[in-house]
Structures are given as C-alpha cells and as structure tokens.
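Only one structure is covered here, and it is reproduced in the block below.
Since this is a predicted model, take the numbers as computed values, not measurements.
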Amino acid sequence: MNPTVILELLTATIRIATPLLFAALGGLISESAGTFAVGTEGMMLAGAFSGAVVTFTTHLAGLGLLASAIAGASLGGLVGLATTRFRTDHMVTGLAVNIIAYGLTSFLLRGLFGGQAPVIALPTLGPVPVPGLVSLPGVGPVLFDQPGLTYAAFGLAAALHVCLSRTRLGLTLRAVGENPTAAFSLGLEPSAWRFAAVVAGGALAGLGGAVLSLQELGTFTDGMTHGRGFIALAAIVVGRWKPLATALGCLLFGATSALALNLQGWGLPLSSYVLQMTPYLMALIVLSGLGRHVRMPAAIGTSFLRD
C-alpha cells in the first residue's frame, strides 16, 4: 500500500478516535463506580449542541467547550439522581436520557434559530503543532500536528490510568463499583461517589460531542453523534475497563471507520450504506467474541441499600 495512503489512514484514525475516547473515558469512570453509562450517546449529543450554540453566539471556543462539559455533566447528574436517589434501572434511565437529548437538541435548534433545518457554521479548531516533533519524518505530522483536544484526550487516558491504579481517589472509585457495602463500612458514601462519577463522566462525554461540532465538522445537525456513544461503550468492553486499553479500542474502531471512508473513495463496487455499517458490525463482532470473557465491576448496575 502507498505510504501516503497509510499516513492518511493513520491521521483519519486518530481524528475519528478522539471523540470516542473522550466518551469512553467518561463512561469508564461512571462504570468503574458502578453505574452503567448507557446515556453516553445523549451526553455527547448535548455537548455537541451546547458547544456549537455557545461558540456561534459568543465567538469564543473556550466558552463553547465549557458549555459542552456542563451540558454533558447536567445529563449525567440526571442519570445519577435517578439511579442513586430513586434507584431506577440503569439501562432504562440511560436510554431515556438519550431520547431526551435527541428531542431536546432538535427542538432547541429550531426554536433558537428558526426554520426547518437551520445551519450553524463555525470555524473548526485548528491543529497545534508540537515544535521539533512535528518535523519528524513520516509520523511527525500524523502524531504531533493535531488539534489540542486530541492531545488532551490521549493525555487524559494516561492520567486516568495512573489515577485508577495508583491513587487513593482511583482505588476508592473502584471499591465503590466492586463492593459498595464494604466501602460504606469504611466510612464512604457509595451513592455520593457514584453520583460524582456519573457527573464527571457526563462532562467528558460532552467534550466528546464538542470534538464533533467544534473540531471536526464546524456545525451541529440533528443526531450528529450517529451512535458514537454506543461505539465508545464497546471500546470500554474491549479495553476491559482499563483506560489505556480502552484508548486502543477507540483507535481500533477509528481505524475501521477510516478504512470504510477510504474504501468509498477507491471506487469499489460496494454500497456506501454497507461501508457505513462497518464500525458497528465490528463492534458487534468484537463484543460477541469478548462477551463471555470480560469481567465488569462486580456491583455495576446494582443499587446500594443501607441496612
């Protein structure tokens, strides 16, 4: 294969994996503490919408990113409140949040800007080259000429790895997800920890949505996440709830999507609809193969009840 084509595939892989990684790390935090992250799709969509609208209105991308995190965290707070305070089913609550986000963003888009299909046009966040490293032959422009959010996503994966495995904060979070009763006996409040974890996870998922609207596309359209939140959940399973392995899972799905996009441009006799299905088929295949061998946090999806 032509080296230029390989470099283009690598560049596209990292670009596509970035929003997945933000969402996956957010979901990993939530699920490590014991709450299923089914609402990640809706949190991403809310983040994409809020980031686009605030940036379009204020012309300040920084405020747009903040709005994205707040929007995702707000939906995370809704999930946390429902699952910890009212002990609702995690799956149903997450799906309800996804539906709410889809309907609310579509309604607000038309309510704020009018028309049947309003269009928000934004300048995308440009690359931030790393001095010295960007000039490395071959991989330099691929790895070190990326937008700031891409560096942040992969840096966050490394930081979260250290946090969950080496710090008291991370060990406490995992303890709440493994055995909340034992954690409570040590003076911790599992419900509060779970709520905080879902809110933090929602903020990261919101930033994942911001990557789509502010860094990749420069606009917002109805349902623009197109199932990426569920692909992020698949990456968590592939990574076995470990941040660095989850990042590799996101790169795997990113590479699948990048290859599908390139196949469309190579003029192969394949329907574009079939090629667009490729990442989701890959997710199903991988999950089918791993389904019997992965170990989730022991108490995930269960409600903590005080004696």
Side-chain angles (χ1 to χ4, degrees), residues 1-25 44 47-48 51-52 61 65 68 121-159 204-205 207-221 224-229 231-232 234-235 238-239 243-268 270 272 274-283 286:
M1 185 179 290
N2 191 314
T4 302
V5 175
I6 295 176
L7 292 178
E8 289 177 352
L9 283 174
L10 289 175
T11 302
T13 295
I14 294 174
R15 175 180 58 80
I16 296 170
T18 299
L20 296 179
L21 184 52
F22 270 113
L25 294 178
M44 286 187 74
L65 293 175
S68 295
L122 301 165
T124 56
L125 301 176
V128 182
V130 179
L133 297 178
V134 71
S135 59
L136 292 174
V139 297
V142 175
L143 299 179
F144 303 110
D145 192 25
Q146 297 287 343
L149 289 175
T150 298
Y151 299 131
F154 287 93
L156 182 62
L204 290 181
L207 288 175
V211 173
L212 293 175
S213 60
L214 301 183
Q215 180 170 293
E216 287 194 15
L217 303 177
T219 188
F220 178 85
T221 57
M224 68 181 298
T225 48
H226 295 301
R228 287 178 176 85
I231 297 294
V238 171
L244 296 182
T246 296
L248 292 178
C250 291
L251 287 171
L252 169 65
F253 291 121
T256 304
S257 298
L259 182 59
L261 290 173
N262 276 269
L263 287 176
Q264 292 184 48
W266 293 345
L268 297 180
L270 294 173
S272 61
V274 173
L275 294 175
Q276 289 171 17
M277 291 167 53
T278 304
Y280 307 98
L281 291 175
M282 172 65 74
V286 171

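- Taking CE from M44 and NE2 from H226, the interatomic distance works out to 11.0 Å, rounded to the nearest 0.5 Å.
- Remark: I231 pairs with L20, F253, Y280, A283 by the side chain to side chain contact (heavy atoms under 4.5 Å, CB included) rule, at least two apart or across chains.
- Residue C250 comes nearest to A24 through the heavy atom pair SG-CB, 3.8 Å, listed as atom of the first residue, atom of the second, then distance.
- L251 contributes atom CG, which lies 8.5 Å from atom OG1 of T18 (distance to the nearest 0.5 angstrom).
- Across every non-hydrogen atom of V128 and Y151, the tightest pair is O-OH, 2.8 Å.
- Sorted pairs that involve residues 121-139 and meet salt bridge (Lys or Arg N to Asp or Glu O under 4.0 Å), not counting sequence neighbours, are lacking altogether.
- Summarising the geometry of A52 relative to F220, their closest heavy-atom pair is CB-CB, 3.9 Å, with the distance given to 0.1 Å.
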Return all side-chain donor-acceptor pairs below 3.5 angstrom for residues 209-219, not counting sequence neighbours, or 'none' if the list is empty.
residue: S213; atom: OG; partner: A48; partner atom: O; Å: 3.0
residue: Q215; atom: NE2; partner: T150; partner atom: OG1; Å: 3.2
residue: T219; atom: OG1; partner: I120; partner atom: O; Å: 2.5

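- In this structure, the side chain to side chain contact (heavy atoms under 4.5 Å, CB included) partners of P243, at least two apart in sequence or on a different chain, are L25, L28, L160, H161, L164.
- Taking the side chain to side chain contact (heavy atoms under 4.5 Å, CB included) definition, one finds that A258 meets it with L9, A12, T13, I16, sequence neighbours left out.
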Tabulate below the donor-acceptor pairs under 3.5 Å that side-chain atoms of residues 134-149 make, not counting sequence neighbours, or state none.
residue: S135; atom: OG; partner: G132; partner atom: O; Å: 2.7
residue: Q146; atom: NE2; partner: V142; partner atom: O; Å: 2.5

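- For the side-chain hydrogen bond (donor to acceptor under 3.5 Å, both in side chains) test, residues two or more places apart in sequence or in another chain that qualify with T225 are E41.
- Residue pairs satisfying the side chain to side chain donor-acceptor pair (under 3.5 Å) criterion with at least one member in residues 243-261, sequence neighbours excluded, are absent.
- Closest of all the heavy-atom pairs between L125 and A61 is CD2-CB, 3.8 Å.
- For residues 246-263, no residue pair satisfies the salt bridge (Lys or Arg N to Asp or Glu O under 4.0 Å) rule, not counting sequence neighbours.
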